[in-house]
A.B. asks: 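Let me give you the structure first, and then I'll get to my questions.
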Amino acid sequence: MTKDDVKEFGDIRLERVREHVWEMPREGDMRVPARVLASEELLEQIRQDKTLEQLRNATHLPGMTKYAICMPDGHQGYGFPVGGVGATDTEEGCISPGSVGYDINCGVRMMRTNLTYDELKGNEEELVEALFANIPSGLGGGGIVESDVDTVDQVLSRGVDWALEHGHAVEADLAHCEDEGFRPDADPDAVSQKAKDRGKNQLGSLGSGNHFLEVQRVTDVFREDVATEFGLEEDQIVVLIHCGSRGLGHQVCTDYLRRIEKEHGDLLESLPDKELAAAPAGSDLAEEYYGAMCAAINFAWVNRQLIMHRTRRVFERVFGRDWEEMEMDLLYDVAHNIAKKEVHDVGGEERELFVHRKGATRAFPAGRPELPSAYRDVGQPIIIPGSMGAGSYVLRGGEHSLDLTFGSTAHGAGRTMSRTQAKNDYWGETVQEELRDQQKIYVKAQSGATIAEEAPGVYKDVDEVVRVSDELGIGDKVVRTFPVCNIKG
DNA sequence: ATGTCC
């Protein structure tokens, strides 16, 4: 090992295993080593906040298997880093709400169209206004569906099938969603009344922060054969939707963190950070949290489904054609804040694990039984949103993902500065005008502050994040897109 | 992320 193969950041030591793979050796009470998957450039950003310390803390969780992993877009989060993957044994391990995240099943879906950028050009203002007027966004209530608690119960237990029954989906939408838009382990009774009350008027709403809906055009195709399988080609218009489970998921996380802290204080005492609070596998609370989390996952899938279906109607009005004629079909929907029971090979043994992916995307390669038939032979589509000035990527689950990351890759570009800092450095209206005048990107938001907080300059280089994913073979580049219209909270 | 503290 040469000097360049070792990095010392305070008391944290990283050793280069090979290109883009850094290992934090096991020491003290760490149960396993940790790994950071990053280029030198991204590692230099990752080391700036508490990410590495949080990653080390995560290795203390009971039942942690192989290693705790930080993705190339990793940054500091609540307890467990955003961009973190941790797999714990479902019998001897634990489940940790902070390692899933507050926004349960925050995720991304992409819808294709058969429109080209040339056909859309000139209609950007009308389209962005129509989308903004018809798709609820921002903090607080107001959704596409104004429901009651009974309806919320149906959504929680049935997922996208509920949307299908009520005319907000077609069969093909279910077939092109992670888990077919339905987690059977959902237990609506484990979701508090308060959480349901928060969710009942938020079904079909974007929310705020980094959530958005973006019309994009495909600018680059890297793997022609896979792009063809995904129905993607250069100059095609696509729609990307990024949002989660709103107040409902947030309340589920809050409720269970509080209960777990109280009822499993002994486990809490053994952890280096109280924010990692976890329920031991097999305990009543672990079961309840898993059921509630799965219910919140279903809620988020319905949320994205309602927004997508409404988007079809908006396009119909703006372009004067039926959505079916514009072939507005769902490519795929991926979750990036989730914990799931999955079977993985660990040292030659098949084991069932809770795979916590917090700000990390499932990236299963061809052949995994969980994949829908459309993608079983090619690998799952992965959608990686970048900033509103940079564009996004579609990847394909890479052949090394099961070995390296429990079948996971990055989830986005990752912030480089706080929201407070961003508001000091940027002015929303200026950002909006520059995007329009210099890049022909039309942005409309509820609040100028949100535009400032989400200015392209506050994000890491999505190209660099994706390059690392591609070179490691965990998620392979398929196409790149560029923003056309963006609406947000 | 989030009715940005019950």
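So that the names make sense, note that chain A is the first sequence line, chain B the second, and so on, each numbered from 1.
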A.B. asks: Side-chain polar contacts of residues 274-284 of chain A - donor-acceptor pairs under 3.5 angstrom, sequence neighbours left out - could you list them?
C.D. replies:
residue  : atom : partner  : partner atom : Å
A/Glu275 : OE1  : A/Gly79  : N            : 2.7
A/Ser283 : OG   : A/Pro280 : O            : 2.7
A/Ser283 : OG   : A/Ala286 : N            : 3.2

A.B. asks: Would you please name every residue forming a ring-ring contact (aromatic ring centres under 6.0 Å, His included) with A/Phe364, sequence neighbours left out?
C.D. replies: none
A.B. asks: Is a side-chain donor or acceptor of A/Thr90 paired with a backbone partner of A/Glu352 at a separation under 3.5 angstrom?
C.D. replies: yes
A.B. asks: Just how far, in rounded Å, is P of B/dT4 from CD of A/Gln446?
C.D. replies: 17 Å
A.B. asks: With heavy atoms under 4.0 Å as the rule, sort A/Arg419 into base, sugar-phosphate or nothing.
C.D. replies: sugar-phosphate
A.B. asks: A/Leu139 has an atom CG; how far is it from atom P of B/dC5, in whole Å?
C.D. replies: 12 Å
A.B. asks: Check every strand shown and say whether A/Thr254 touches a base, only sugar-phosphate, or nothing at a heavy-atom separation below 4.0 Å.
C.D. replies: nothing
A.B. asks: Ring of A/Tyr459, cation from A/Arg415 - is the NZ or CZ under 6.0 Å from the centre and inside 45° of the axis?
C.D. replies: yes
A.B. asks: Would you mind telling me which residue lines up with the more 5' stretch of DNA chain B, A/Gly138 or A/Arg258, judged by nearest nucleotide?
C.D. replies: A/Gly138
A.B. asks: Looking across every strand, which nucleic acid part, if any, lies under 4.0 Å from A/Glu453 by heavy atom: base, sugar-phosphate, or nothing?
C.D. replies: nothing
A.B. asks: Measure from CG on A/Leu257 to P on B/dC5 and round the result to the nearest Å.
C.D. replies: 15 Å
A.B. asks: Using atom CD of A/Gln251 as one end and atom P of B/dT2 as the other, report the distance to the nearest whole Å.
C.D. replies: 13 Å
A.B. asks: Looking across every strand, which nucleic acid part, if any, lies under 4.0 Å from A/Gly209 by heavy atom: base, sugar-phosphate, or nothing?
C.D. replies: sugar-phosphate
A.B. asks: Expressed as a whole number of angstroms, how long is the span from A/Lys423:NZ to B/dT4:P?
C.D. replies: 13 Å
